[in-house]
Amino acid sequence: MAAMSFRSALYDLFRSDLLACLGDGYMPHSPDGEWGVLPTDCAARQFAALHCAKSLVKKFQDEIDQATTDRVALEKFLAANESCRMWEPPRWADPSLRGGYEAELYGEWREQMRHFFETAPETMGAAGAALVEEYPDYDWGVVLDASKIVAFANSGPGSSVGAIGCTFAEKFDASHATYGDDHIKWLWELKTESPTWRDLEISRQMRGLRLNKVAASKLTFVPKTVSESRTICVEPLLNTFFQKGAGFLLERQLKLYFGIDLSNQQAINRELARIGSIDGSYATIDLTSASDTIAYALVKDSVPAHQFKYLNWLRTRCAQFDGESIELQMFSTMGNAFTFPLQTAIFAAAVRAVYRIRGIPARSRQRRSFGIADQELVYDEEFPTWGCNGDDIVVVREAYDDVVNLLKLLGFTPNLKKSFSEGWFRESCGADWYKGVNVRGVYCQHAKTEQDINSLINRLMTWSVEHDIGIPNTLGWLKGRLKRPFLVPMFEEETSGIRVPFAATPKRKRSRIQEGREREWAYQKWDFFASGFSYDVVEDGVDLSTWPFSPVGTILSILRGDLRGCFLARRKESDRNGRYRAVWRWAPAWDSTPLVGGQWKHCLVPLTEDYKLRYYLKLLTNRIVG
């Protein structure tokens, strides 16, 4: 008899743990079976249980047929590209348009987009004046122009066509620089008028590194769910470089014109969704393949020509896959550095258009206070009545139907299975709310390493405590798969070991280190050691015999903050040579590591005495510790 797969075993154990909470009628025997529907007035605890059962192995990647999931993603990408080719601006003489209301909606949206690109910062209050004062050398009459795109161009952490690695130094100081349009080469020439960048280009040329024009971006796939992958286009190096500059400018304009600060907008969306799950006043909208359905004709019709030309220069016109070239009818793809702020502007303009026509205020006079990461956001006078972060949209309930209709008119496809305007459930920006309770499930993507298992145990344990649902079979089985089950403080990374309060550490292991570290508790953990490049400090200076980068490339890496302590580390997500190692660490006080903004720096769980007690008791009931 064949052994049960990890995915099936994990789901089976989790299902058995939840039977006491849910009963047998709602969860199928297989995670791919038919799910039951809970009563609309069920308790949040039951909803959280079923929600987590659905999510647990939904994105598990270790046992999937990669060729099948990639093929599904490719078919979806091609369908989206074809829908973009078919889209054209509405013809208002069409008799199927009822009462001209769609014409009014589209016209107002188009007007909002034009104002977004043409409104000068100095006319938008103190924040706009501060921007102009901070950067006085640039023309802020429009959002995009060559000088500002060049000035704010930047290197991101992702891969690029032709680059040998993902760090700035590997891309710009050790690789041929690829570009997709002659205008990009012109922008690079403007950039290299700066003395430092000119020296970098001279150094590159002396080492035989060239500027190479490429015909297309590279279409590739990244994990998404067990049934389909996600498509992403790897862009030419210099395209991405200047796309980051345009993206920076679009983000600044989003903040000034729409009041959307992408650094904290997720928290605002989540708060609005939470309120909507309590009183139904807000609805959440999700879109299918939003970034892949921004039609070229849509952007051309709505963005002023003198601004459109810059976006058009920076995009790639073709994507290459399996030796074939796909002409892109979508304006930009995932992988293009300005796609996210551009789509945020498009959807924000849609919401504002509906609000303006229906006379719905964009802000309400109420005080809101809520946390985000290590800070607290406080709105003392006015709070937004809508939110937009990419394709995560929250609007007041009475605007939901009109916003959905306008999005369809613009060529987008609202995902009605993930859009909610009725009932007690709302989801936005990674938070799932039911009657004001965050019922976000746990997702297991990998279980190949000790660190994967530790991460899963910690996330399931936190979920178990928050919803008071015991899952001893699941957690006990997962712990049994660990060869070295380290117990670590609550402030540690979720991959480092099993996080426990001090009361849950075995007494025999509560040893203190006396040699030079008095009154500190010792523990073992898994720590990640990145691979990268280093040089040695010697008596007369530094030894650069093993250092592969030029002096000017090194200086730019230092200025960017990439090079620290004589070591240039690769990004963890793209570091194939990095390794986890078991190390000893010390904690001055196991349960009282300093707080940041009232929250734990890593796990973001306030460790009050009540929470520590609940966590400890749940550890015991789940058989994680003895």
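Bear in mind the structure is a predicted one, so any value in this text is a computation, not a measurement.
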(request) Report the C-alpha distance between K171 and S155 in whole Å, list the side-chain angles of each, state the deciding distance to 0.1 Å, and finish with yes or no for side-chain contact (heavy atoms from CB on, under 4.5 Å). (result) CA-CA 9 Å; K171 290 178 180 178; S155 175; 3.8 Å; yes
(request) Determine, step by step, whether T196 and V552 satisfy the side-chain contact (heavy atoms from CB on, under 4.5 Å) criterion, reporting the C-alpha distance in whole Å, the side-chain angles of both residues, the deciding distance to 0.1 Å, and the verdict. (result) CA-CA 7 Å; T196 305; V552 67; 3.9 Å; yes
(request) Take N264 and I268 through the test side-chain contact (heavy atoms from CB on, under 4.5 Å) and record every step on the way to the result. (result) CA-CA 7 Å; N264 62 30; I268 295 173; 4.0 Å; yes
(request) Evaluate side chain to side chain donor-acceptor pair (under 3.5 Å) for R560 paired with N154, printing each intermediate quantity in order. (result) CA-CA 10 Å; R560 288 171 49 84; N154 200 357; 2.7 Å; yes
(message) Let's go through T192 and E189 carefully: what are the C-alpha distance in whole Å and the side-chain angles of both, what is the deciding distance for side chain to side chain donor-acceptor pair (under 3.5 Å) to 0.1 Å, and is it a yes or a no?
(response) CA-CA 5 Å; T192 53; E189 290 170 354; over 6 Å; no
(request) Applying side-chain contact (heavy atoms from CB on, under 4.5 Å), run through N239 and Y179 and close with a yes or a no. (result) CA-CA 6 Å; N239 283 57; Y179 65 96; 4.1 Å; yes
(request) Show your reasoning for whether side chain to side chain donor-acceptor pair (under 3.5 Å) applies to W547 and T554. (result) CA-CA 10 Å; W547 185 249; T554 303; 2.8 Å; yes
(request) Could you please spell out the steps behind the salt bridge (Lys or Arg N to Asp or Glu O under 4.0 Å) verdict for D527 and R585? (result) CA-CA 10 Å; D527 207 358; R585 291 291 182 264; 2.9 Å; yes
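The CG atom of L144 lies 9.0 Å from the CD atom of Q253; values are rounded to the nearest 0.5 Å. To the nearest 0.5 Å, atom CG of residue N81 and atom CE of residue M330 are 4.0 Å apart. To the nearest 0.5 angstrom, L200 atom CG is 10.0 Å from Q205 atom CD.
Side-chain contact, N454 with E450: no donor N or O sits under 3.5 Å from an acceptor N or O. With 3.5 Å as the limit, one finds no donor-acceptor pair spanning the side chains of H446 and D452. S455 and E494 are linked by a side-chain donor-acceptor pair at a separation below 3.5 angstrom, with hydrogens and angles left out of the test. Using modelled atom types, one finds a donor on one side chain and an acceptor on the other under 3.5 Å when comparing S227 with T225. Inspection of the D292 and S289 side chains reveals no N or O donor paired with an N or O acceptor under 3.5 Å.
In plain terms, the two heavy atoms of R570 and N577 that are nearest each other are NH1-ND2, 4.2 Å.
Residues forming a side-chain hydrogen bond (donor to acceptor under 3.5 Å, both in side chains) with N212 (at least two apart in sequence, or on another chain): none. For Y523, the side-chain hydrogen bond (donor to acceptor under 3.5 Å, both in side chains) partners two or more places apart in sequence, or in a different chain, are E492. Scored by the side-chain hydrogen bond (donor to acceptor under 3.5 Å, both in side chains) test, D536 finds no partners at all (sequence neighbours excluded). Residues that satisfy the side-chain hydrogen bond (donor to acceptor under 3.5 Å, both in side chains) test with Q243, not counting sequence neighbours, are E235. The ring-ring contact (aromatic ring centres under 6.0 Å, His included) check on F152 picks up Y135, Y138, F248, with sequence neighbours excluded. Partners of F331 under the ring-ring contact (aromatic ring centres under 6.0 Å, His included) rule, at least two apart in sequence or in another chain, are Y296, F308. Legend: residues meeting ring-ring contact (aromatic ring centres under 6.0 Å, His included) with Y310, ordered by chain and number and at least two apart, are W313. The ring-ring contact (aromatic ring centres under 6.0 Å, His included) test applied to F529 returns no partner, not counting sequence neighbours.
The shortest side-chain heavy-atom distance between F6 and R481 falls under the 4.5 Å cut-off. Looking at V150 and F242, their side chains come closer than 4.5 Å, going by heavy atoms from C-beta outward. Residues I326 and L78 meet the side-chain proximity criterion, which asks for heavy atoms closer than 4.5 Å. Contact of the H183 side chain with the K185 side chain is not registered, since no non-hydrogen atoms from C-beta on lie closer than 4.5 Å. Side-chain contact between Q445 and F60: absent, with no pair of heavy atoms (C-beta onward) separated by less than 4.5 Å. Taking the side chain as every heavy atom from C-beta outward, L211 and H176 never approach each other to under 4.5 Å. At least one side-chain heavy atom of L250 sits less than 4.5 Å from a side-chain heavy atom of F117. Taking the side chain as every heavy atom from C-beta outward, L482 and I498 approach each other to under 4.5 Å.
Every pair passing salt bridge (Lys or Arg N to Asp or Glu O under 4.0 Å) that includes a residue from residues 249-269 is listed here, sequence neighbours excluded: K255-D261. Among residue pairs with one or both ends in residues 152-165, none qualify as salt bridge (Lys or Arg N to Asp or Glu O under 4.0 Å); sequence neighbours excluded. Among residue pairs with one or both ends in residues 144-156, those qualifying as salt bridge (Lys or Arg N to Asp or Glu O under 4.0 Å) are D145-K148; sequence neighbours excluded. Applying the salt bridge (Lys or Arg N to Asp or Glu O under 4.0 Å) definition to pairs two or more places apart or across chains, those involving residues 194-217 are D173-R207, D182-K213, E201-R204.
Within the 3.5 Å criterion, the main-chain N or O of V161 finds a donor-acceptor partner in the side chain of T178. Within the 3.5 Å criterion, the main-chain N or O of K59 finds a donor-acceptor partner in the side chain of Q61. Of the possible donor and acceptor atoms, one in the side chain of T69 sits under 3.5 Å from a partner among the backbone N and O of Q66. Judged by distance alone, the side chain of R7 and the main-chain N or O of V57 form a donor-acceptor pair under 3.5 Å. Checked by atom type and distance alone, the side chain of R315 pairs as donor or acceptor with a backbone atom of L328 at under 3.5 Å. In terms of modelled atom types and a separation under 3.5 Å, the side chain of N269 and the main chain of C429 share no donor-acceptor contact. Of the possible donor and acceptor atoms, one in the side chain of S217 sits under 3.5 Å from a partner among the backbone N and O of C318. Listed for the S160 side chain is no donor-acceptor partner under 3.5 Å among the backbone atoms of P236. At distances below 3.5 Å, not a single donor-acceptor pair connects side-chain atoms of N389 with backbone N or O atoms of Q265.
Each of F486, W584, Y580 was compared with W526 under the ring pair (Phe, Tyr, Trp, His ring centres under 6.0 Å) criterion, and only F486 meets it.
Checked against the 6.0 Å centroid criterion, the rings of F549 and F168 do not qualify as a close aromatic pair. Between F567 and F533, a ring centre-to-centre spacing not shorter than 6.0 Å is recorded.
Using bins of under 30°, 30° to 60° and over 60° for the plane-to-plane angle, the ring pair F172/W197 lands in the perpendicular bin.
Taking a 6.0 Å sphere around NZ of K76, one finds it holds more than 12 heavy atoms contributed by other residues, nucleotides or ligands.
Taking the ring axis of Y443 as reference, the NZ or CZ atom of K58 does not stay both within 45° of it and closer than 6.0 Å to the ring centre.
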